[in-house]
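Structure record follows, encoded as structure tokens.
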Amino acid sequence: MIDNFEFLQSRIDELKKSYKYYVYGKSMLGQDLIGFHIGKYTNKQMLITGGIHAREYISTCLCLYLVQNLKTTDIGCYILPMLNPDGIRLCLDGIEWIKDEQTRCMLERINKSQDFGLFKANAYGVDLNENFDAGFGEGNFIKFLPNSNGYLGEKSNSYENKYLLNFIKNKKISVSLSYHSKGEVVYYGFCKLNKKQLKLSKKLAKMVSKSLKYKKIRSKNSFAGFSDYMSYVKNIPSVTIELGSDNYSHPIGFDKLDEIKIGQIDMIKKVAGVFCDANM
């Protein structure tokens, strides 16, 4: 199996033939932002996301696996596998597919290399997981100019993120899982959560951690991430799940999916049973 964007896109196109899908927006360079739905619409919904950081495309692979293999009965599940398609394509295929010369020059300048294998940002050099309105601009490690990672952007809830937030705005989501890589860690507990929010966040993290045998860690010095936004602003329990052993180097390749997917479906079923009052 060759790690390239064409393979991911072909998998998405195949799934679109058999599963309910949405084009909920466009990336900065005009690629479709795709979301899938499985199960019912009438009851509580889960939200599962991946691919917000370019080099963490193994999370996209897992989400696509879940679309095909996660069978639901009593609830529905929205799965958004690739929140940052431009960044992932840069990471996998390099820069030659970008037609605009000014954009290409900017990206090469901020990346300081023609090798985008460790790139995390979108095509404007924005770290999308530093851009949500949950302590936006408050972190100690953020950057204030376009970069391969860490730049928060000009204003919160922008770029590809605005389409994501608009898509989920009126959905009956009761729990959210955000896949990243790496480290086999479950992060929970944004620092601004109230006692009730923190209790639910910790409960969710404990379930995920126990099921996957991942380490549970309270978030520190983390602001403006998607899980922060969901837990704090939307009042929806949410955790960030870091896939893959810390012994792996970035980016984690497609060949590690068989190992990474172990236990994921059982974990999601357990979470659904508690946070959605249903079986899957």
Which value, rounded to the nearest 0.5 Å, describes the distance between [X] atom [atom1] and [Y] atom [atom2]?
X: N4; Y: I88; atom1: CG; atom2: CD1; result: 13.0 Å
X: W97; Y: F5; atom1: CH2; atom2: CZ; result: 7.0 Å
X: M46; Y: S176; atom1: CE; atom2: OG; result: 8.5 Å
X: K99; Y: E96; atom1: NZ; atom2: CD; result: 13.5 Å
X: L198; Y: S231; atom1: CG; atom2: OG; result: 9.5 Å
X: I98; Y: M106; atom1: CD1; atom2: CE; result: 8.0 Å

Hydrophobic cluster membership, [X] vs [Y], 4.5 Å side-chain cutoff:
X: L128; Y: L152; value: yes
X: L29; Y: Y159; value: no
X: L204; Y: L47; value: yes
X: L164; Y: Y229; value: yes
X: F136; Y: F144; value: yes

| task | Run the ring-centre check on F167 versus Y78 and record whether the distance is less than 6.0 Å. | result | yes
| query | Between F190 and Y232, does the ring centroid distance fall short of 6.0 Å? | reply | yes
Any sub-3.5 Å donor-acceptor pair from [X]'s side-chain atoms to [Y]'s backbone N or O?
X: S201; Y: P237; result: no
X: R55; Y: F119; result: no
X: S113; Y: N111; result: no
X: S158; Y: K155; result: yes
X: N221; Y: G139; result: no
X: S227; Y: V239; result: yes
X: K26; Y: V23; result: no
X: S27; Y: G30; result: yes

What pair of heavy atoms forms the shortest contact from [X] to [Y], and how long is it?
X: D133; Y: S156; result: CB-OG, 3.7 Å
X: N43; Y: K40; result: ND2-CD, 4.4 Å
X: P81; Y: T60; result: O-OG1, 2.7 Å
X: F275; Y: L200; result: CZ-O, 4.0 Å
X: I58; Y: I252; result: CB-O, 3.8 Å
X: E160; Y: N122; result: OE1-ND2, 3.0 Å

Taking the side chain as every heavy atom from C-beta outward, state whether [X] and [Y] have any atom pair closer than 4.5 Å.
X: R104; Y: I95; result: yes
X: S148; Y: I110; result: no
X: K143; Y: N149; result: yes
X: F132; Y: D228; result: no
X: I48; Y: L80; result: no
X: L177; Y: M267; result: yes
X: I217; Y: V186; result: no
X: I38; Y: Y19; result: yes

Exceeds 12 heavy-atom contacts within 6.0 angstrom, atom [atom1] of [X]:
X: K203; atom1: NZ; value: no
X: E154; atom1: CD; value: no
X: K172; atom1: NZ; value: yes
X: K210; atom1: NZ; value: no
X: Y214; atom1: OH; value: yes
X: Q114; atom1: CD; value: no
X: K16; atom1: NZ; value: yes

Between [X] and [Y]: side-chain donor-acceptor atoms closer than 3.5 Å:
X: N131; Y: N161; value: yes
X: Y179; Y: Q264; value: yes
X: H250; Y: E56; value: no
X: N147; Y: K120; value: no
X: Y57; Y: D3; value: yes
X: H180; Y: E242; value: no

| task | Quick one: do K192 and Q197 satisfy side chain to side chain contact (heavy atoms under 4.5 Å, CB included)? Show the steps, please. | result | CA-CA 9 Å; K192 294 178 181 286; Q197 291 171 328; over 6 Å; no
| message | Walk me through whether L15 and L64 qualify under side chain to side chain contact (heavy atoms under 4.5 Å, CB included). | response | CA-CA 8 Å; L15 291 172; L64 297 178; 3.8 Å; yes
| task | Give me the one residue out of D127, N84, N129 that meets side-chain hydrogen bond (donor to acceptor under 3.5 Å, both in side chains) with H53. | result | D127
| request: Have a look at Y248 and tell me which of K182, E184, E259 forms a side-chain hydrogen bond (donor to acceptor under 3.5 Å, both in side chains) with it. | output: E259
| message | Can you tell me how the ring of F254 sits relative to the ring of F7, calling it parallel under 30°, perpendicular over 60° and tilted otherwise? | response | tilted
| query | Any idea how F36 and Y21 line up, ring-wise: parallel (<30°), tilted (30 to 60°), or perpendicular (>60°)? | reply | tilted
| task | Report the C-alpha distance between Y24 and Y163 in whole Å, list the side-chain angles of each, state the deciding distance to 0.1 Å, and finish with yes or no for ring pair (Phe, Tyr, Trp, His ring centres under 6.0 Å). | result | CA-CA 6 Å; Y24 66 89; Y163 297 111; 7.5 Å; no
| task | Could you check L165 against I168 for side chain to side chain contact (heavy atoms under 4.5 Å, CB included), going step by step and ending with a plain yes or no? | result | CA-CA 5 Å; L165 297 184; I168 67 173; 4.2 Å; yes
| message | I want to check a possible cation-pi pair here: K20 against Y22, using under 6.0 Å from ring centre and within 45° of the ring axis as the test. | response | yes
| message | Could you go through R89 and Q9, starting from their C-alpha distance and side-chain angles, then the distance that decides it, and tell me whether this counts as side chain to side chain donor-acceptor pair (under 3.5 Å)? | response | CA-CA 10 Å; R89 191 170 181 183; Q9 190 60 58; over 6 Å; no
